[in-house]
Each structure stands twice: as structure tokens, then as C-alpha cells.
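Below, read A as the first sequence line, B as the second, and so on, with proteins coming before strands; counting in each chain starts at 1.
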2 protein chains.
Amino acid sequence: MVLDCLSDPIRLAIVYQLAQQERVSSELCCGDFTGLAGKSNLAYHFAKLRECGLMLTRVAGTNRFVRLRREDLDARFPGLLDAVISSAAKDADRLQLLGEFEETAAGGS
Amino acid sequence: MVLDCLSDPIRLAIVYQLAQQERVSSELCCGDFTGLAGKSNLAYHFAKLRECGLMLTRVAGTNRFVRLRREDLDARFPGLLDAVISSAAKDADRLQLLGEFEETAAGGS
DNA sequence: TCCCTTGTTCAACGATTATTGAACTATTGA
DNA sequence: TCAATAGTTCAATAATCGTTGAACAAGGGA
């Protein structure tokens, strides 16, 4: 289920980053998450996130761009995604993973 | 974390029942959940739910009454609980556990 | 006091699940 | 064509988690 998918810290961090990215562009490249885990581990988590309908992947040459299935999620689980994201933002302090990630990939706001 | 706690179907069913109960009285007895799992298994899930701050227990004689920590949860994770509950209500059809439970414990609406 | 009920704790088992490295596919560019 | 890059898939390991039964503690009622 979706909750089970979101209960993993790495997947939550991925979803959180994708949600942050929604303000700017809609997509991120798979390689932008290498700060969170190894390549194959990331592919594993991406597969999980795809399976439960949280995100989808667009193939573009040798890159793959991922983004949240925002509309489907809001339709099926109203308010859930926003609640999870805002809650995750609150204790983002505890997720040093995110801190490291933002330094390397987002370059600060 | 709270999401990890809610990702288990039995714990979700417990939380769902507690949320339903909020309209009537605020509490339920531990023994009211025996339709969901065995005694020791329930105690295990209750402990998990207590650990992550989802519910609390009041001892009354030989019984123990449990209820949601609604205020604390709404303060710390705004909208999360309601989103989870309403989503759980949507596909309550798939949770036959709930169906069985309502028959034996709630006796219909 | 004795027994029964209620619920927790403990130890053990089984089953998922996350993580890792290596092999593989596909695309780009020289 | 050859090498390099981006991701996925596979197999194996490690770790976590859920489930079960038995033993235990605490109250209530006869």
C-alpha cells in the first residue's frame, strides 16, 4: 500500500524531494538522488514507488526522469500527500539525508 | 515513525476503529479488537502504536481502554490522521478484517 | 483465599524487506 | 565500432518485523 511505501526513510526522502521540485519543474533525474543510496538500491526504491502508484518514469535517451503522480494521488488519497510532505518538512532536521542531498543537488534555495 | 506504524494493516484497522469510535465515546477496550489478531499479537501492535505516539492507554481495573492521541497528532502532523482515516474508509472493502470486526464488535451502525 | 479474566512480556520461528555488488541493456558520442 | 554513461535486474546477505504460544502479573468476584 501507499503508506507502506512512504514508511521507508529513503522513499520518503525521494517523495519529499519530488514534491519540492514540483514548484520549479516537475521532474528530476534518477541520478539526482545518488546522495540517498547506491544505484541499485535506488532502482529498487524507484520500483516500489512506481508499483504503488506514487510516481512515474519518463525515459529520455539514457536518462530517466521521475515525478510524482500528484493528480492521481490527490484524487485517491485526498490530503494524504500534502500531510505527509508537510510533516516530513517539519522534522527535516532529523533527516540528514535531505540536508546532504540539498547541498549537492539543489544547491540551496 | 508514525507512517511506519500506520503501514501495518492490523494497526491501521485499530486506528480506523478508534477514529470511528471518537464520534460515540472516546475509548475502546483492548478486548474489543480480538477479531483482528491474537491476544499477544494485539499487545505487540498496541505497544507499537503507543511508542510512536498514536494512542494511549488508560488502566481501569482489569481492563485497559485505548484511544487516539488526536490533539497531539493533529498538532504535530496536521491533516495526516484524517487523510489516512478517510483513505482507509475508501478501500475498507478490501479490508475484510474491518468487515468481520464491525459485525462482531460494533454490531452495525 | 482461590479461580477466572485481562492484558503484557519473553523467546523462538518464519517471512518480508533493505542493502550490496556484479552482470546486463540501452543510448550517446568519438 | 568502441568506450562511457545511466539504470535496471539478479542473486545473496543481513536485518527487521510480524506471528505464535507459554509464562507471567494484576484485579475482580465467589
Quickly, which of V66(A), L42(A), L54(A), L68(A) forms a side chain to side chain contact (heavy atoms under 4.5 Å, CB included) with I14(A)? Name it, please. L42(A)
Looking at every strand, decide which applies to G61(B) at a 4.0 Å heavy-atom threshold: base, sugar-phosphate, or nothing. sugar-phosphate
Figure out the NE2/C1' separation between H45(A) and dT8(D), and round it to whole Å. 15 Å
Integer-rounded Å distance: dA15(D) C1' and D4(B) CG: 14 Å
Which is more 5' along DNA chain C, the nucleotide nearest A60(A) or the one nearest N41(B)? Just name the residue. N41(B)
Atom pair distance, as rounded to whole Å: CD1 in I10(A) and P in dT17(C): 16 Å
Acceptor/donor pairs from residues 1-8 of chain A side chains to any protein atom, 3.5 angstrom cut, sequence neighbours excluded:
from: S7(A); atom 1: OG; to: D4(A); atom 2: O; distance (Å): 2.7
from: D8(A); atom 1: OD1; to: I10(A); atom 2: N; distance (Å): 2.9
from: D8(A); atom 1: OD1; to: R11(A); atom 2: N; distance (Å): 3.2

Could you tell me how far apart R58(A) (CZ) and dG7(D) (P) are, to the nearest whole angstrom? 12 Å
Is a donor on one side and an acceptor on the other found under 3.5 Å between the side chain of N63(B) and the backbone of A60(B)? no
Who passes salt bridge (Lys or Arg N to Asp or Glu O under 4.0 Å) against R58(B), sequence neighbours left out? E27(B)
Backbone N or O of E71(B) within a donor-acceptor pair of the D74(B) side chain at under 3.5 Å? no
Beyond-backbone contact of F33(B) with L28(B), side-chain heavy atoms, under 4.5 angstrom: yes
Polar-atom pairs under 3.5 Å, protein N or O versus N or O of nucleotides 1-8 of chain C: list them with distances, or write none.
from: dT6(C); atom 1: O4'; to: T62(B); atom 2: OG1; distance (Å): 2.8
from: dT6(C); atom 1: O3'; to: T62(B); atom 2: O; distance (Å): 3.4
from: dT6(C); atom 1: O3'; to: N63(B); atom 2: OD1; distance (Å): 3.3
from: dG7(C); atom 1: OP1; to: C30(B); atom 2: N; distance (Å): 3.4
from: dG7(C); atom 1: OP1; to: G31(B); atom 2: N; distance (Å): 3.4
from: dG7(C); atom 1: OP2; to: G31(B); atom 2: N; distance (Å): 3.2
from: dG7(C); atom 1: N7; to: K39(B); atom 2: NZ; distance (Å): 2.7
from: dG7(C); atom 1: O6; to: K39(B); atom 2: NZ; distance (Å): 3.2
from: dT8(C); atom 1: OP1; to: R50(B); atom 2: NH2; distance (Å): 2.9

Grab the NZ-P distance between K48(A) and dG7(D) for me, whole Å please. 21 Å
What is the separation between atom CD on E51(B) and atom P on dT16(D), rounded to the nearest whole Å? 14 Å
